[in-house]
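Heads up: the structure comes next, in structure tokens.
All values below were derived from every heavy atom in this structure, side-chain atoms included, with hydrogens, water molecules and symmetry-related copies excluded. Each ligand, and each atom within it, is numbered from 1 in the order the structure gives.
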Amino acid sequence: MAPQREWLERDFYKDLGVASDASSEEIKKAYRKLARELHPDANPGDTKAEERFKRVSEAHSVLSDADKRKEYDETRAMFAGGRFRGGGNGFPGGFPGGGGGTRYSTDSGADFNIGDLFGGGGGESAGGFGDLFEGLFNRGGAGGGRGTSTATRPRRGNDLETETTLTFTDAALGTTVPLRVTSPAPCTTCHGSGAKPGTSPRVCPNCNGSGFVSRNQGAFGFSEPCQDCQGTGSRIDDPCSDCDGSGVKVRARTINVRIPAGVEDGQRIRLAGQGEAGRRGAPSGDLYVVVHVTPDRVFTRNGHDLRVQLPVSISELVLGATVSVPTLDGSVGVKIPPNTTDGRTLRVRGRGVPKRAGGAGDLLVTVKVEVPRKLDDAAVEAMKAYAEAERAGGFDPRAGWGR
Ligand SMILES: [Zn+2]
Ligand SMILES: [Zn+2]
């Protein structure tokens, strides 16, 4: 693994909004704050927040590790001040194969262009693996030959996105769903190494496995991807014939995805390491599952609260009653007090949607009067008698109403 090539185009300090001499405490604090704000759970469907969340997580993973941070600082220092211009969003795949290249500026203000220096501009990227150094690796295969596989680099696999549709109840209570995914996966013949079975990649002698060699270019000293191993840090003498040494093959697979309780329509679930396999044993990307939830006949949701409309009769509202009301996993007896107003909402604590931290939201039961369309003679007589008694008792439904 040689992460330097990504480090060059990233400003982890800027991602976290801290100074480059920030203490580890400051870094930790900045990360916690941003992670809370940008967490996908807090921003369902917001891809911008999600992209920033990823960047912030990556920045933190490097800067919170003293050794990695030192290496990062040194790598960037080597790149002559390393102010990255152009590229905008930068990561991943900011560098379009060949073409213009990426400009860095030096402290003296002079721009130089990676493409110019390294003769970049090969153009053909290997199946969508375009990134900052793509041009370099396609440069005439210098030193490569057939002995080493072409254009392979230890880069993390791409992220994948897929979707699944859940019933209202499954989404609320959580479930496990099998997902069929067809994507680059580790080659089963060579187990992802890219080397023919029985052989193994060896450490590149030119760069001692780092994937980078130091080089001086005029006033600048910086490191450059090793040409012998194309930056992978290892050499494969006998490439696996099934995957041509890439260590990756497109394969259909079924993943059982555990959906946590309480997911909402449109939410994205991240499955770390379940995305496309990285080439030659590099880490896999992540799999994002977009969840769709079908509406329910009875329930609606408001966060963790579950809402249900309960049909009742006039007599149940007037006299009071205990009525069985469905919940996500059974039913509950709800007591309607005497003289309950139509449209009133009764709260049953803890019978809503389960919360991740434990406990559950509430069940909110709204009563709604159903007026009988047809009454038999006895009921009509009783109703008339009731109306009589109501008037005699002084009840006026329109008292204080109107003008
Ligand atoms: Zn293979
Ligand atoms: Zn090498």
Side-chain angles (χ1 to χ4, degrees), residues 1-8 68 71-72 74-75 78-79 95 114 117-120 122 125-129 131-158 160 181-217 220-253 273-285:
M1 271 292 287
Q4 288 92 333
R5 65 179 60 78
E6 278 172 14
W7 291 1
L8 291 175
K68 278 193 199 162
E71 209 184 330
Y72 171 68
E74 283 169 359
T75 304
M78 242 190 307
F79 232 100
F95 191 67
I114 291 191
L117 287 180
F118 297 150
S125 77
F129 284 86
D131 77 357
L132 177 61
F133 287 94
E134 195 63 69
L136 297 182
F137 295 114
N138 290 313
R139 185 167 71 123
R146 288 311 294 170
T148 52
S149 59
T150 53
T152 50
R153 284 164 296 120
R155 214 198 102 178
R156 186 177 170 278
N158 290 323
L160 289 177
V181 178
T182 301
S183 73
C187 170
T188 49
T189 308
C190 62
H191 302 288
S193 76
K196 197 178 200 150
T199 73
S200 49
R202 60 188 167 92
V203 172
C204 171
N206 190 41
C207 62
N208 292 321
S210 72
F212 272 72
V213 288
S214 298
R215 164 170 152 162
N216 288 317
Q217 177 81 25
F220 317 115
F222 57 92
S223 62
E224 170 192 333
C226 171
Q227 290 293 327
D228 279 17
C229 64
Q230 295 160 335
T232 63
S234 66
R235 299 278 301 263
I236 292 176
D237 298 319
D238 283 314
C240 167
S241 52
D242 268 12
C243 61
D244 292 328
S246 69
V248 166
K249 274 195 93 168
V250 172
R251 215 175 43 233
R253 61 206 159 103
Q274 296 283 4
E276 288 186 8
R279 293 167 74 84
R280 275 169 65 173
S284 296

Angle at the Zn ion (ligand 2), SG of C226 to SG of C204, rounded to 10 degrees, please.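 Seen from the Zn ion (ligand 2), SG and SG are separated by roughly 110°.
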Do the side-chain N and O atoms of S234 and R280 include a donor-acceptor pair separated by under 3.5 angstrom?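 Per modelled atom types, S234 and R280 side chains form a pair under 3.5 Å.
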The Zn ion (ligand 1) reached by C190 (N, O or S, under 2.8 Å)
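Checking the Zn ion (ligand 1) against C190, an N, O or S atom does fall under 2.8 Å.
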query: Which of these, S210, P205, P201, C207, sits in a side chain to side chain contact (heavy atoms under 4.5 Å, CB included) with C229?
result: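 Of the listed residues S210, P205, P201, C207, the side chain to side chain contact (heavy atoms under 4.5 Å, CB included) partner of C229 is C207.
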Verdict with supporting geometry, S183 and R253, side-chain hydrogen bond (donor to acceptor under 3.5 Å, both in side chains) = CA-CA 8 Å; S183 73; R253 61 206 159 103; 3.1 Å; yes
Hey, are the side chains of R235 and D228 touching, using non-hydrogen atoms and a 4.5 Å cut-off?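 They are in contact (side-chain heavy atoms under 4.5 Å apart), so the answer is yes.
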Point to revise | SG (C187) - the Zn ion (ligand 1) - SG (C240) angle, nearest 10° | key: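 That angle works out to 120° after rounding to 10°.
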